[in-house]
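Everything below concerns the one structure shown next.
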Amino acid sequence: MSLESREALTDNTHLQRGIGVVAPFDFALDRELWRWVPDHVSLHVTRTPHNQAEVSLELARIVSGRETLVGAVRSFTAVAPEVVAYACTSGSFIEGGLGEREMCRVMTRAASIPSVTTSGALLEALDNLGVHRVALVTPYTTSVTHALEKYLAEAGVTVTGCAYMGLTRDIWKVSYRKTMHMARIAVDDAADAVFISCTNLATYDVIAQLETELGIPVLSANQVTMWSALSRLDTKALGPCQALIDPAARTRLLPLELRNGERYRNSGRGVARHESY
């Protein structure tokens with residue numbers, strides 16, 4: 001190796017780019033976020049203060065409060081990230097579209113850099129794919145799931161079907177098998193895409209498989225968050241065979257009438273299905 005090459009390897013700190021991630025106190029999937037991120041980008045993850053509340057509408061409001069956001073964002077300003085990503089779906093949809101946009105304004109003012117949220121990123125991703133009808137998979141209770149449906153309706157997105165788990169804690173322990181089962185339940189012939197909600201629900205390894213099986217794009221909370229944040233850096237997310245990220249993967253998605261095999265459909269449109277975990 002030449003002297004120039006050795007110097008390049010030892011003097012590469014200037015090449016690092018950073019995303020500041022604000023996650024809820026119970027977030028357990030740091031490793032999954034990194035899977036969408038190229039080597040030259042670092043994630044600086046901070047968490048909201050611990051709270052005894054279970055996953056609920058109340059907790060969603062607690063982890064997205066103005067003081068909580070400002071404190072979290074300021075905790076990583078010393079490492080100079082170029083964008084802030086608020087990685088919580090319920091915390092960013094709980095107050096509707098106006099609330100989501102206000103969260104971005106608060107974080108941007110606190111850090112003087114662009115900000116995105118999971119729920120805002122979801123709308124960006126749906127727009128990118130030209131999707132207006134979506135099936136939902138959530139780990140939430142009925143009330144939290146309905147708040148997500150309301151957020152999407154406000155944005156002009158129709159929810160064609162929904163499957164939810166009714167969980168109030170330990171969401172990160174849900175298996176891939178369970179998540180895939182719920183997606184099959186949620187999707188009906190009217191859905192143009194599936195969204196798997198909650199950044200504490202692991203999804204990276206099921207997205208491509210479900211897209212192949214169901215024939216429509218599959219979006220997840222962590223996927224859209226990283227995709228949106230990286231786009232602010234003019235950087236492409238990593239996600240081979242995921243339709244949102246890999247244009248070539250979109251060629252695998254067939255019209256509903258051409259799909260083969262068993263379809264795993266609801267008996268009606270807009271049906272909400274609950275299964276205990």
Side-chain angles (χ1 to χ4, degrees), residues 12 15-24 27-46 76 79-89 91-93 100 103-104 107-108 111 113-131 134 136-137 157 172 176 179-180 183 192-212 214 216-253:
N12 65 354
L15 299 177
Q16 175 178 284
R17 308 189 73 183
I19 298 173
V21 178
V22 178
F27 180 69
L29 299 181
D30 303 58
R31 184 172 62 90
E32 173 162 284
L33 291 182
W34 282 91
R35 298 182 71 181
W36 279 285
V37 178
D39 288 343
H40 70 283
V41 177
S42 287
L43 300 181
H44 310 296
V45 182
T46 189
F76 48 60
V79 295
E82 297 177 58
V83 61
V84 176
Y86 178 80
C88 178
T89 322
S92 52
F93 67 61
E100 188 278 330
M103 289 178 67
C104 289
M107 293 187 291
T108 294
I113 54 177
S115 301
V116 302
T117 73
T118 301
S119 295
L122 168 61
L123 297 185
E124 290 179 21
L126 293 174
D127 183 66
N128 178 271
L129 293 168
V131 168
V134 64
L136 296 180
V137 174
V157 178
W172 58 275
Y176 278 157
T179 299
M180 294 182 71
D192 296 325
V194 186
F195 175 59
I196 305 173
S197 190
C198 189
T199 54
N200 228 3
L201 190 61
T203 57
Y204 188 93
D205 291 311
V206 305
I207 292 173
Q209 185 173 342
L210 280 172
E211 287 182 336
T212 298
L214 300 174
I216 55 179
V218 175
L219 306 175
S220 79
N222 283 330
Q223 178 206 46
V224 299
T225 304
M226 290 296 97
W227 168 82
S228 178
L230 287 163
S231 73
R232 268 58 175 185
L233 305 181
D234 294 320
T235 298
K236 184 178 178 180
L238 304 180
C241 301
Q242 297 178 13
L244 176 64
I245 295 166
D246 182 1
R250 299 183 192 185
T251 63
R252 296 183 293 108
L253 307 181

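The structure presented is a predicted model; accordingly, all values stated were derived computationally and were not measured. We use all heavy atoms of the structure for the numbers below, so side chains are in, but hydrogens, waters and symmetry mates are not.
For the atom pair Gln209 CD and Tyr176 OH, the distance stands at 10.5 Å (nearest 0.5 Å). To the nearest 0.5 Å, atoms CH2 (Trp36) and CG (Leu244) are separated by 10.0 Å. Taking CD1 from Ile196 and OG1 from Thr89, the interatomic distance works out to 11.5 Å, rounded to the nearest 0.5 Å. Note that CE of Met180 and OG1 of Thr203 are 11.5 Å apart. Values are rounded to the nearest 0.5 Å. Arg35 contributes atom CZ, which lies 11.5 Å from atom CG of Asn222 (distance to the nearest 0.5 angstrom). Of the inter-residue distances, the one linking Ile19 atom CD1 with Met226 atom CE reads 5.0 Å to the nearest 0.5 angstrom.
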Between Gln242 and Val218, is a side chain to side chain contact (heavy atoms under 4.5 Å, CB included) present by the stated rule, with each step listed? CA-CA 8 Å; Gln242 297 178 13; Val218 175; over 6 Å; no
Could you walk me through whether Val84 and Phe76 satisfy the side chain to side chain contact (heavy atoms under 4.5 Å, CB included) test, starting with their C-alpha distance in whole Å, then the side-chain angles of each, then the deciding distance to 0.1 Å, before giving a yes or no? CA-CA 10 Å; Val84 176; Phe76 48 60; 4.0 Å; yes
Take Val37 and Leu43 through the side chain to side chain contact (heavy atoms under 4.5 Å, CB included) test and state the conclusion after the steps. CA-CA 8 Å; Val37 178; Leu43 300 181; 3.9 Å; yes
Derivation of the side chain to side chain contact (heavy atoms under 4.5 Å, CB included) call for Val134 and Asp192: CA-CA 6 Å; Val134 64; Asp192 296 325; over 6 Å; no
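With hydrogens and angles disregarded, no donor-acceptor distance shorter than 3.5 Å links the side chain of Arg17 to the backbone of Glu82. Judged by distance alone, with hydrogens and angles left aside, the side-chain atoms of Glu211 form no donor-acceptor pair with the main-chain N or O of Pro217 at under 3.5 Å. Remark: side-chain polar atoms of Ser231 are not paired, donor with acceptor, to backbone N or O of Ala229 under 3.5 angstrom. Under a 3.5 Å cut-off, the side chain of Thr46 and the backbone N or O of Val22 do not form any donor-acceptor pair.
Across all their heavy atoms, Tyr204 and Pro240 have their closest contact at OH-CD, 3.6 Å.
In this structure, His44 and Val21 have side chains that are not in contact, with every pair of non-hydrogen atoms separated by 4.5 Å or more. A 4.5 Å side-chain heavy-atom check between Ser115 and Val83 finds every atom pair outside the cut-off. In this structure, Leu230 and Pro38 have side chains that are in contact, with non-hydrogen atoms separated by less than 4.5 Å. Using a 4.5 Å heavy-atom cutoff, the side chains of Val224 and Leu123 are not in contact. Between Val116 and Cys104, every side-chain heavy-atom pair lies at or beyond the 4.5 Å cut-off. Contact annotation: the side chain of His40 never approaches that of Gln16 to less than 4.5 Å [non-hydrogen atoms, C-beta and beyond].
Residue pairs meeting the side chain to side chain donor-acceptor pair (under 3.5 Å) criterion with at least one partner in residues 118-130, sequence neighbours excluded, are Ser92-Ser119, Thr118-Thr225, Glu124-Ser228, Glu124-Arg232, Asn128-Arg250.
Around atom CH2 of Trp172, no more than 12 heavy atoms belonging to other residues, nucleotides or ligands sit under 6.0 Å away.
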